[in-house]
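Structure record follows, encoded as structure tokens.
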Number of protein chains: 2
Amino acid sequence: MEDVARIAGVSQMTVSRALRSPETVSAATRRRVAEAIAAVGYLHNRIAGGLAADRTSIVGLVATTLKNPLLASVVQGVCDAIAHTGYQLMLGMAESIEDEEQVIRDFLSYRPAAILLHRTMHTKVARTLLKASGIPVVEIGNLVARPIDLVVSFSNFDAAERMTRYLATKYGQVGYVGMRSEGDERFKARRRGYLAALREAGIAAEPERMLELPSAGPGGGGDALVTLLAARPDTRAVFFAGGAFASDALAECRRRGWAVPGRLAIAGFDDYESVFPSMAAITAVRVPRYEIGRRATEVALARLRGEAGIPRRTEFTFEIIPRETA
Amino acid sequence: MEDVARIAGVSQMTVSRALRSPETVSAATRRRVAEAIAAVGYLHNRIAGGLAADRTSIVGLVATTLKNPLLASVVQGVCDAIAHTGYQLMLGMAESIEDEEQVIRDFLSYRPAAILLHRTMHTKVARTLLKASGIPVVEIGNLVARPIDLVVSFSNFDAAERMTRYLATKYGQVGYVGMRSEGDERFKARRRGYLAALREAGIAAEPERMLELPSAGPGGGGDALVTLLAARPDTRAVFFAGGAFASDALAECRRRGWAVPGRLAIAGFDDYESVFPSMAAITAVRVPRYEIGRRATEVALARLRGEAGIPRRTEFTFEIIPRETA
DNA sequence: TTGTAAGCGTTATCAT
DNA sequence: ATGATAACGCTTACAA
């Protein structure tokens with residue numbers, strides 16, 4: 001930068017300004033600086049800048065997995081919103097809240113401008129670190145009641161409740177196959193939503209009609225379906241509240257020659273039509289994942305710009321998409 | 001860090017060492033430093049460290065999209081390989097080589113330890129910048145002949161050639177629907193592979209039997225199929241060499257009541273079984289995307305560790321998975 | 001609109 | 001195994 005300044009015949013400070021806020025520098029100077037930069041092949045050192053300013057233009061995102069295409073689309077939304085803004089994305093995965101704490105620590109050591117979290121349960125230390133950092137923190141995995149800072153999401157509870165109500169009204173006895181809810185508020189919320197809908201409908205909840213699977217591994221939905229029906233043959237519909245379980249289950253039904261929805265109705269969480277149009281057969285909850293990622297980023301950047309009136313909580317709605325399977 | 005050093009009764013340099021290479025510090029000192037760190041709630045400043053060392057522990061990955069689940073799995077592979085190594089992932093998307101150059105510039109301004117590139121064509125400037133940076137650069141999108149530095153990938157050409165040969169042998173006239181190959185070596189290679197296989201088989205290539213689609217947008221494969229068959233009704237098989245085209249096309253055939261593979265055989269590139277087990281019906285090329293992402297990262301980190309004998313080129317193989325559709 | 005000076009919190013290097 | 005010292009290349013704060 002020293003070279004650039006000398007060649008352009010200005011001070012380093014002017015070069016710095018021309019780079020970061022061109023509008024505060026006269027057009028002529030700006031041009032001379034640009035020429036000098038091209039002449040020496042100068043590459044801005046954002047690390048030095050970060051040290052001087054005690055913060056970088058890095059936005060950290062702690063996600064859970066990219067194996068699920070719809071969670072990947074949250075990340076895609078964040079990427080798209082962040083592109084061409086001068087910010088960069090730092091991405092980490094956390095499979096547990098302890099993991100998350102470590103990733104948050106690692107991120108914080110790079111003095112990021114903001115942090116986005118997909119998980120909604122955090123260790124006490126993680127919350128403390130984030131609050132102490134003073135940077136915008138956006139939670140995106142669920143519409144949490146008491147966000148650390150900001151929340152941009154949808155209600156997993158409402159979604160599961162609405163879908164269960166839809167199924168119960170239409171088919172009667174509804175089973176539930178979800179992700180292991182221990183340690184994860186999102187899956188807990190879905191489970192609670194299911195139970196709430198049964199309660200409203202005056203249907204007794206039965207443990208044997210509810211299954212939780214440890215992972216979204218391939219084929220899990222088919223086995224779960226078989227287990228559940230063996231225990232409760234009078235089940236007329238099953239709500240697969242996670243991953244690609246519903247799609248697995250549908251394949252299983254076809255294999256066994258069970259009519260869908262005649263013998264059994266099937267509904268899923270997350271609509272994969274946007275990923276594979278050919279999968280547009282399953283009744284599902286459609287959640288605007290991509291938009292949530294985008295908006296979360298926009299909200300964080302708006303806050304960094306010092307904009308006023310930024311809502312602490314941004315709720316996205318979901319849709320129940322009735323299709324052939326329910 | 002000053003505080004930590006004072007409390008532990010050592011110099012800053014010792015604290016720094018205890019943090020970065022614990023083995024060079026005595027066990028007793030290490031413990032005292034650890035206690036002091038906990039006592040003051042010290043958070044390492046990797047930005048200051050990065051400035052002093054003129055490089056960070058950031059690994060940059062320039063991907064193309066996360067909309068395709070299999071490209072997302074490359075990123076997942078990178079994430080998994082990088083987790084718990086002390087390195088962090090910086091992720092950017094580039095839709096063109098100009099885009100890529102800009103992202104590379106942005107990454108380089110953070111003085112990363114290594115850079116991974118999914119694209120395999122680059123601007124002259126991008127190549128120059130990367131070479132001048134002196135850091136490991138791994139190309140992962142195709143088994144390029146002249147890598148900038150390292151390459152970890154599979155041969156798109158061979159894969160397309162093998163699948164085309166399989167189809168031609170079994171069905172005769174084979175059509176091709178691919179991604180727009182202009183400006184993208186990966187798609188060019190697939191197209192060349194298709195043409196090479198026809199040549200071997202002594203079948204004349206016909207422009208009307210080949211289509212390139214500008215994007216992997218939903219449903220594109222179905223329309224392409226209809227267009228292609230209208231122009232060349234004697235086509236007996238179509239190789240959908242990208243995205244979810246094959247899945248779209250299969251859905252279209254079912255809609256129109258065309259027997260598959262009776263009337264028309266269908267094959268795809270990339271096998272989505274790992275994402276949706278229920279899609280395990282389409283004959284496809286299976287590419288170990290996740291493993292490529294993992295290995296690319298491992299190779300980069302090995303190089304950073306100064307390991308010897310790191311291959312400039314790592315070739316992954318693919319498989320042709322014959323299924324119901326071809 | 002531009003410039004001056006100080007200092008951000010580490011690590012490299014050399015010394016002990 | 002540990003310490004002293006000098007950078008590292010910017011930005012903040014203030015001045016002109």
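Naming convention: chains lettered A, B, ... in sequence-line order (proteins, then strands); numbering from 1 in each chain. All values derive from a computational prediction rather than experimental measurement.
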Open item on the list: Would you say that A/Glu185 contacts A/Asn156 through its side chain, given a criterion of any heavy-atom pair below 4.5 Å between the two side chains?
Closed with: no

Open item on the list: For the backbone of A/Val74 and the side chain of A/Arg289, can you confirm whether one donor and one acceptor N or O come within less than 3.5 Å of each other?
Closed with: no

- [ ] Please list, chain by chain and in numerical order, all residues satisfying side chain to side chain donor-acceptor pair (under 3.5 Å) with A/Glu101, sequence neighbours excluded.
- [x] A/Arg105, A/Thr123

Task: side chain to side chain donor-acceptor pair (under 3.5 Å) involving B/Thr24 - partner list, sequence neighbours excluded - done: none

For nucleotides 7-10 of chain D, tabulate all protein N/O to nucleotide N/O atom pairs closer than 3.5 Å, reporting atom names and distance.
from	atom 1	to	atom 2	distance (Å)
D/dC8	O2	B/Ala52	N	3.4
D/dG9	N2	A/Ala48	O	3.4
D/dC10	OP1	A/Tyr42	OH	2.6
D/dC10	O5'	A/Tyr42	OH	3.2

Open item on the list: Does a side-chain N or O of B/Thr29 approach OP1 or OP2 of D/dT2 to a distance below 4.0 Å, or not?
Closed with: yes

Might you list the N or O atoms of the protein lying below 3.5 Å from N or O atoms in nucleotides 13-15 of chain D, with each pair's distance?
none

TODO: Quick one: list whatever passes salt bridge (charged side-chain N to carboxylate O under 4.0 Å, His left out) with B/Glu100, sequence neighbours left out.
DONE: none

Task: Other residues, nucleotides, ligands: >12 heavy atoms within 6.0 Å of B/Glu182 CD - done: no

TODO: Note down the inter-axis angle between the two ends of the helix from C/dT1-D/dA16 to C/dT16-D/dA1, five pairs each, to the nearest 10°.
DONE: 10°

Task: Residues which pass salt bridge (charged side-chain N to carboxylate O under 4.0 Å, His left out) with B/Glu307, listed by chain and number, not counting sequence neighbours - done: B/Arg305

Task: Non-neighbouring partners of B/Arg180 that pass side chain to side chain donor-acceptor pair (under 3.5 Å), sequence neighbours left out - done: none

- [ ] List in chain and number order the residues that pass salt bridge (charged side-chain N to carboxylate O under 4.0 Å, His left out) with A/Arg146, two or more places apart in sequence or in another chain; answer none if no residue qualifies.
- [x] none

Task: side chain to side chain donor-acceptor pair (under 3.5 Å) partners of residues 32-44 of chain B, not counting sequence neighbours, each pair once - done: B/Arg31-B/Glu35

- [ ] Give the first and the last nucleotide of DNA chain C, reading 5' to 3', that has any atom under 4.0 Å from a heavy atom of chain A.
- [x] C/dT1 to C/dG9

Open item on the list: With salt bridge (charged side-chain N to carboxylate O under 4.0 Å, His left out) as the rule and sequence neighbours excluded, what pairs involving residues 111-133 of chain B come up?
Closed with: B/Asp54-B/Arg111, B/Arg119-B/Asp184

Open item on the list: Any heavy-atom pair between the side chains of B/Glu139 and B/Ser153 that's under 4.5 Å?
Closed with: no

